[in-house]
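What follows is a short report on a single structure.
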There are 2 protein chains.
Amino acid sequence: MTADSRRLQPRKRPRQVRAELTRQRILIAAAHVFAEHGYAAGTTNRIAEQARISIGSLYQYYPNKDAILSELLFRHLDAAATEGPGLEEASLEGIIRNLVRAAIENHRDDPQLLRVLIEQAPRSPELLEKIDQYERSRAAYIRELLGNHPDVRVEDTETATRLVVSTIELVVHKVVAAPDPIDIGRFEEELVAMLTRYLTW
Amino acid sequence: MTADSRRLQPRKRPRQVRAELTRQRILIAAAHVFAEHGYAAGTTNRIAEQARISIGSLYQYYPNKDAILSELLFRHLDAAATEGPGLEEASLEGIIRNLVRAAIENHRDDPQLLRVLIEQAPRSPELLEKIDQYERSRAAYIRELLGNHPDVRVEDTETATRLVVSTIELVVHKVVAAPDPIDIGRFEEELVAMLTRYLTW
DNA sequence: GGCTATTATGAGCAATAACTTGTGTTCAAC
DNA sequence: GTTGAACACAAGTTATTGCTCATAATAGCC
């Protein structure tokens, strides 16, 4: 383990149950605070206060502020990656709908927090690598789909892949995080329609 | 003028030429520094240093750090809004292509800076209002297009409008700001194709 | 050249926030 | 019950940064 990779590691492995509990409290509090105040204004003291622990305890579990953000993002990405592949589906429209729904589900939880996490990710090369890896796996799935599904007709598979991946991720996030409550169902319908018509003209 | 609206106003109107010059230097330097270090790490001292002026001078022109960001964003939006409506074009594909090209042009200049500007915009209600106003005017144009152009066929004009506006803005930004050099021409082709097929199935 | 408003300077102040450290408390093994 | 390790505490240290203010330089006008 390099000194650099240790920088974001937890300070120690918890041995007692209450330690694990404290760790949980910190993460939950941090999610709360980051989502509400953003990263810069989400101070470690504020997080400790929200978690009802002392600032000293916080630093027994995380060596620095970045490490907390790091763990939040890692957990989110891991959870997102582990989500089931959805129902079996053969029609292109069905597959795309599943993808879109998965994205919506992924963002619905706490879009404010997710926004902060992604914005601050460049602070750590490890986080960037993790995100890149996640995106690559999604891209691989889409590329496979575009290359093999009989209904798909595109001129440039690679560019189309990037376009589809980006569109789903970005547009879903924007709409879910939007302040005014849009009808998600109707929006999903249109997004699926756009992508399907694009791929099967 | 309310006390609140004065908060982001320049300290005074320049009387001498060198004053206007200094103001320019500050803005250019700030754009540089914000784009390279982000907002938090883009300190006012760094900006002054980059502009080759003293920190005191900086604060004679801008009452605080936010005001500098504010002016940068205002100028960018105003410039973007004033851009010509493009060549006259009747075909839907042509119109969409013009829209996409305008968006690309708008982001090409300094995507890093633009990202910082937009991320930090929520710091000021005035900036949010300005952005909202800009987005509404774009949405109005698209809505008009979707409602009147003979080739367009959509079920839900309002949702479709939001989808189109968001897609162009977000996807263009992402791709232009992406680290690996993608072929912009090819990307433009695919994005235009997606939108056109969506609207004219 | 003298005079005044305008512009420029930069050391330093005050506030903030990440993080440390010395001390106190709880748990579990024996 | 004693003991030592794990855990919790929070006042205090250190470094940074936004911003001020007393002073100096400069420009334009008579």
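Order of the sequence lines fixes the chain letters, A, B, ..., with proteins taken first and strands second; residue numbering starts at 1 for each chain.
In this structure, CD1 of B/Ile47 is placed 18 Å from P of D/dT16, rounded to the nearest angstrom. Following rounding to the nearest Å, A/Arg23 (CZ) and D/dC7 (P) show an atom-to-atom distance of 10 Å. In this structure, A/Tyr62 atom OH and D/dC7 atom P are separated by 13 Å, rounded to whole Å. Straight-line distance from the CG atom of A/Leu21 to the P atom of D/dA8: 9 Å, rounded to whole Å. The separation between A/Glu20 atom CD and C/dT26 atom P is 21 Å, rounded to whole Å.
Place B/Val17 and B/Gly42 on DNA chain D by their nearest nucleotides, and B/Gly42 ends up nearer the 5' end.
Between A/Lys130 and A/Glu126 there is no salt bridge, since no side-chain nitrogen of the basic residue lies less than 4.0 Å from a carboxylate oxygen of the acidic one. Remark: A/Arg25 does not engage A/Glu20 in a salt bridge, criterion side-chain N to carboxylate O under 4.0 Å. At a threshold of 4.0 Å, the pair B/Arg97-B/Glu189 counts as salt-bridged, since one of the basic side-chain nitrogens sits closer than that to a carboxylate oxygen. Between A/Asp156 and A/Arg162 there is no salt bridge, since no side-chain nitrogen of the basic residue lies less than 4.0 Å from a carboxylate oxygen of the acidic one. A salt bridge is defined here as a Lys NZ or Arg NE, NH1 or NH2 lying under 4.0 Å from an Asp or Glu carboxylate O, and B/Glu190 with B/Arg186 fails to meet this definition. A salt bridge is absent between A/Lys65 and A/Glu71: the closest approach of a Lys/Arg side-chain nitrogen to an acidic carboxylate oxygen does not fall below 4.0 angstrom.
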Could you run down nucleotides 8-17 of chain C 5' to 3' and tag each one B, S or - for protein heavy-atom contact under 4.0 Å? BBBB-----S
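One finds no side-chain N or O of B/Tyr59 lying less than 4.0 angstrom from the OP1 or OP2 phosphate oxygen of D/dT20.
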